[in-house]
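Keep in mind that what you see is a predicted model, and the values were worked out from it rather than measured. Here is the naming used below: chain letters follow the sequence lines, and residue numbers restart at 1 for every chain.
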There are 2 protein chains.
Amino acid sequence: MAQKVKLSTIAERLGLSTATVSLALRDSPLVAEVTRERIKEEARTSGYIYNRRAASLRTSKSGIVGVCVHDIMNPFYGEILKAIEDELDRHRQTFVLCNHYDDLSKQRSFLDTMLQLGADGLIMSPAIGTPASDIRLAEDNDLPVALIARTVEGSGVASFRGDDAYGMSLVVRHLIAEGHRAVALVGGTDQTSTGRDRAQGYRDALAEAGIAFRPEWWIRGARSRHQGFDAAAEFLALPDRPSAVVCFSDLVALGLMYGLSRAGVRPGVDIAVCGYDDIDEAAIAMPPLTTVANGQSEVGHRAAGALLARLSGAPAAEELVLIRPELRVRQSSLLDFGIVNPSP
Amino acid sequence: MAQKVKLSTIAERLGLSTATVSLALRDSPLVAEVTRERIKEEARTSGYIYNRRAASLRTSKSGIVGVCVHDIMNPFYGEILKAIEDELDRHRQTFVLCNHYDDLSKQRSFLDTMLQLGADGLIMSPAIGTPASDIRLAEDNDLPVALIARTVEGSGVASFRGDDAYGMSLVVRHLIAEGHRAVALVGGTDQTSTGRDRAQGYRDALAEAGIAFRPEWWIRGARSRHQGFDAAAEFLALPDRPSAVVCFSDLVALGLMYGLSRAGVRPGVDIAVCGYDDIDEAAIAMPPLTTVANGQSEVGHRAAGALLARLSGAPAAEELVLIRPELRVRQSSLLDFGIVNPSP
DNA sequence: CTGAAAGCGCTTACAG
DNA sequence: CTGAAAGCGCTTACAG
């Protein structure tokens with residue numbers, strides 16, 4: 001390639017100083033209109049590339065926001081990420097994405113990278129077991145953090161998520177209202193706040209109806225479609241098989257429905273199945289899936305919005321923002337659903 | 001926060017020069033073992049954060065590799081990205097991800113950002129209509145590019161993808177062998193190399209069997225699960241409804257199967273359906289989906305590997321690396337599949 | 001084995 | 001309205 005064009009190249013060619021060129025390229029009114037145009041024209045034709053590292057070294061603003069979640073491929077995060085992306089794009093911030101797969105050292109190394117790159121902010125759904133000190137490390141080094149979906153006790157930073165306990169209680173109440181007394185819970189774990197809160201909502205709704213919680217009715221662990229599929233066997237082996245299941249997430253529910261169908265048990269006919277999150281697929285699934293709309297898009301927008309506000313100087317606020325979820329009833333939980341009937 | 005610790009802080013405290021500290025932190029054998037340990041200890045206890053912008057400005061290596069695809073939420077890209085992530089992690093490169101959603105200006109602005117940040121390399125699945133000049137711009141500014149999944153004519157850079165024409169011909173031949181003469185193609189577009197190649201494989205296999213291509217049998221456009229679902233209505237409205245369908249992707253096939261089931265047409269019983277990509281879900285779907293394993297993981301590994309090799313000084317090679325796909329036959333294409341029989 | 005000095009490409013007071 | 005100069009925090013020849 002040819003000799004690299006930099007600010008000083010343009011300045012020399014035009015007989016100006018780098019200060020003037022720098023100001024002009026950023027549209028400063030300090031530079032006369034004509035001069036500004038000449039400079040921009042030269043920058044354009046010479047193929048000048050702005051060196052953000054140099055600028056960032058000087059200004060200690062990088063224009064980078066890091067985003068770290070369990071798994072970007074999970075549609076639950078997908079919708080949050082779209083909202084964040086949208087918000088950051090509008091503010092011309094670059095979006096650096098990372099999966100931590102609940103591996104603390106992977107998350108920590110991402111955090112270190114962000115510190116080293118001088119990122120302006122961080123949005124994260126913290127990995128299981130994230131110590132508050134990791135969050136403090138970022139905050140103490142001028143890297144403001146906003147949490148999504150999960151909370152870290154004692155971190156002292158704002159956190160944005162759906163009201164999982166309330167949302168889960170909505171589904172379970174719905175099933176009870178449909179006449180079910182035996183309702184299983186499939187998936188989730190005690191190790192995340194999401195898992196704990198959703199399980200709590202499940203227990204609360206049972207208790208409210210005077211139904212005793214039975215530990216064997218919670219089949220733990222599943223968080224992916226595949227794990228939901230695998231959980232079907234375990235569910236079907238339960239001694240008094242419940243007539244309804246609520247799942248930790250839509251993904252788990254969709255996998256479970258595949259597993260049940262394969263075993264000859266028809267979701268929406270022989271058994272009521274509900275999910276959680278209301279991902280796009282829920283409405284077109286077969287049968288269409290009853291679930292809880294979890295406000296992912298709002299979570300993303302508000303978290304990004306709050307972070308951007310802090311970047312523009314707003315004070316940090318420790319707050320827990322709970323988005324109110326809504327029940328979406330579809331055929332998977334209504335056992336009279338007239339599913340089309342294949343005969344063998 | 002306290003005063004920021006930098007190289008010179010450590011140097012002062014220890015009565016050494018910044019040169020020695022810099023070398024020690026990067027494990028240079030030029031620095032005596034004891035000195036090195038003292039320096040590292042001090043860095044650790046003082047909470048020193050390495051400033052990569054400064055280093056990068058000096059060395060013009062950033063440790064960043066940009067990755068830009070149509071949509072990271074699509075499991076097809078998901079598997080490629082996992083492989084790339086894996087490869088880059090091993091080489092301690094930071095992974096900056098971006099969706100372009102086939103929007104050229106979004107892709108271009110990502111490219112500009114990577115140039116400005118001094119990224120070391122770029123892996124992209126180019127947006128529809130990407131001009132070769134965009135790729136040249138990167139290459140001419142010391143930003144090596146590797147293409148995945150799609151090709152850009154005249155770009156002169158290496159490209160890694162499955163052999164889509166061959167793979168699609170495998171599925172169609174399979175359906176013909178199963179006795180089908182009327183096979184529809186659902187989804188894809190003429191605008192991507194992937195779409196063109198898969199459509200070509202479809203035509204080739206028909207021609208080979210002496211079956212004339214009928215334009216109305218290609219229902220174009222669908223590339224997502226939802227679009228596949230929507231395409232079901234269009235397919236069912238065809239005058240002489242074909243007895244089999246191949247889809248542009250598994251996602252389209254899975255959506256189509258939802259749509260067909262809802263209309264009372266049973267995939268794997270009343271109609272044969274095939275996908276393409278062999279994503280995780282294909283094997284557990286109901287019915288399990290016949291598809292083509294497309295080597296996504298190999299595509300990712302090889303593309304990242306080739307890029308990393310260039311970063312370590314290997315010469316650029318314009319080459320097209322075609323991964324050989326494999327047919328995976330499952331029940332969705334075998335009409336005698338004993339699907340469990342819900343009655344209303 | 002260690003140090004003094006220059007320089008990566010910007011921006012920012014400060015002068016004029 | 002424009003310029004000269006310092007400095008962001010590193011690394012890299014070059015000396016010793």
Side-chain angles (χ1 to χ4, degrees), chain A residues 1 3-40 42-43 46-64 112-113 115-120 141-142, chain B residues 1 3-40 42-43 46-64 112-113 115-120 141-142:
Chain A
M1 65 184 272
Q3 191 54 43
K4 195 185 286 170
V5 177
K6 44 193 177 179
L7 268 193
S8 61
T9 318
I10 300 180
E12 267 172 39
R13 287 194 191 155
L14 261 39
L16 293 166
S17 74
T18 58
T20 304
V21 175
S22 169
L23 291 168
L25 289 179
R26 282 170 301 135
D27 281 319
S28 163
L30 288 176
V31 180
E33 175 88 34
V34 254
T35 320
R36 223 189 306 163
E37 282 314 317
R38 273 176 65 217
I39 291 174
K40 291 191 155 191
E42 177 64 24
S46 62
Y48 169 67
I49 290 173
Y50 179 67
N51 188 326
R52 255 160 85 161
R53 293 168 287 179
S56 161
L57 184 57
R58 182 59 226 254
T59 61
S60 62
K61 289 272 156 235
S62 64
I64 291 176
D112 287 338
T113 300
L115 286 167
Q116 295 175 0
L117 289 176
D120 294 340
N141 287 284
D142 273 340
Chain B
M1 65 186 272
Q3 190 54 44
K4 195 185 284 170
V5 177
K6 43 192 178 180
L7 266 194
S8 60
T9 319
I10 300 180
E12 266 171 41
R13 288 192 191 157
L14 262 38
L16 292 166
S17 74
T18 59
T20 303
V21 175
S22 169
L23 291 169
L25 289 178
R26 281 170 301 135
D27 281 320
S28 163
L30 287 176
V31 180
E33 175 88 35
V34 253
T35 321
R36 223 189 305 164
E37 282 315 315
R38 274 175 65 217
I39 291 173
K40 290 191 156 188
E42 176 63 26
S46 62
Y48 169 66
I49 290 172
Y50 179 66
N51 187 325
R52 255 159 86 162
R53 294 168 288 180
S56 160
L57 184 56
R58 182 58 227 253
T59 62
S60 62
K61 289 274 155 232
S62 64
I64 291 175
D112 286 339
T113 300
L115 285 167
Q116 294 175 1
L117 289 177
D120 294 340
N141 286 284
D142 273 339

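With distances taken from any side-chain atom of B:K6 to the nucleotides D:dT11, C:dC10, D:dG9, the minimum falls on D:dG9. Distance from the side chain of A:L7 is smallest to C:dT11 among C:dT2, C:dT11, D:dT11. The nucleotide whose nearest atom lies closest to any side-chain atom of A:A32 is, among D:dT11, C:dT12, D:dC1, D:dC1. Of the listed nucleotides (C:dT2, C:dC10, D:dC10), C:dT2 has the atom at the smallest distance from the side chain of B:V31. Of the candidate nucleotides C:dG3, C:dG9, C:dT12, C:dT12 has the atom lying nearest to any side-chain atom of A:L23. With distances taken from any side-chain atom of A:S17 to the nucleotides C:dT2, D:dG3, C:dT11, the minimum falls on D:dG3. In the set D:dT2, D:dG9, C:dA4, C:dA4 carries the atom at the smallest distance from any side-chain atom of B:A19. The listed nucleotides are C:dT2, C:dA5, D:dG9; the one nearest the side chain of B:R58 is D:dG9.
Side chains of A:V21 and A:L14 form no contact here, defined as non-hydrogen atoms less than 4.5 Å apart. Side-chain contact check for A:R36 versus A:L23: every heavy-atom pair is 4.5 Å or farther apart.
Within the 4.0 Å cut-off from OP1 or OP2 of C:dT11, at least one side-chain nitrogen or oxygen of A:R26 is found. Between B:T35 and C:dC1 there is no side-chain polar atom (N or O) within less than 4.0 angstrom of OP1 or OP2. Taking only side-chain nitrogens and oxygens, B:S22 comes nearer than 4.0 Å to OP1 or OP2 of D:dT11.
Here the shortest heavy-atom pairing between B:K40 and B:A24 reads CE-O, 3.8 Å. Between A:A119 and A:S62, the closest heavy-atom pair is CA-OG, 3.4 Å.
Atoms CG (A:N51) and P (C:dC10) sit 5 Å apart, rounded to a whole Å. We find that CZ of B:R53 is positioned 14 Å from C1' of C:dG9, with the value rounded to whole Å. If you measure from atom CD of A:Q116 to atom P of D:dC10, you get 10 Å, rounded to the nearest angstrom. Separating the NZ atom of B:K4 from the C1' atom of D:dC10 is a distance of 13 Å, rounded to the nearest angstrom. Summarising the geometry, the separation between CD1 on B:I49 and C1' on D:dC10 is reported as 15 Å, rounded to the nearest angstrom. Rounded to a whole Å, the CG atom of B:L16 is 11 Å from the P atom of C:dA4. Per the geometry, CG belonging to B:L30 stands 13 Å off P belonging to C:dG3, to the nearest Å. Distance B:D27 CG to D:dT11 P: 13 Å, rounded to the nearest Å.
The residue among B:T20 and B:T59 whose nearest nucleotide of DNA chain C lies closer to the 5′ end is B:T20. Sequence order on DNA chain D of the closest nucleotides to A:L57 and A:E33 puts A:E33 first from the 5' end.
Here the CD1 atom belonging to B:I10 is positioned 12.0 Å from the CZ atom belonging to B:R38, to the nearest 0.5 angstrom. Put simply, OG1 on A:T18 and NZ on A:K6 are 11.0 Å apart, with the number rounded to the nearest 0.5 Å.
Across all strands, B:I10 comes closer than 4.0 Å to no nucleic acid atom at all (heavy-atom distances). Using a 4.0 Å heavy-atom criterion, one finds that B:G15 contacts the sugar-phosphate atoms exclusively. Among the heavy atoms of the strands, none lies under 4.0 Å from B:I39.
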Handout entry: Test log, rule side-chain contact (heavy atoms from CB on, under 4.5 Å), inputs A:Y50 and B:D112
Key = CA-CA 9 Å; A:Y50 179 67; B:D112 286 339; over 6 Å; no
Problem - Check against side-chain contact (heavy atoms from CB on, under 4.5 Å), B:T113 and A:R52 - result: CA-CA 8 Å; B:T113 300; A:R52 255 160 85 161; 3.6 Å; yes
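Side chains of A:R26 and A:S22: a donor-acceptor N/O pair is present below 3.5 angstrom, by distance only.
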Problem - Base-pair map of DNA chain C as dot-bracket, where | denotes pairing with a different strand and pairs are Watson-Crick or G-U under 3.5 Å - result: |||.||||||||.|||
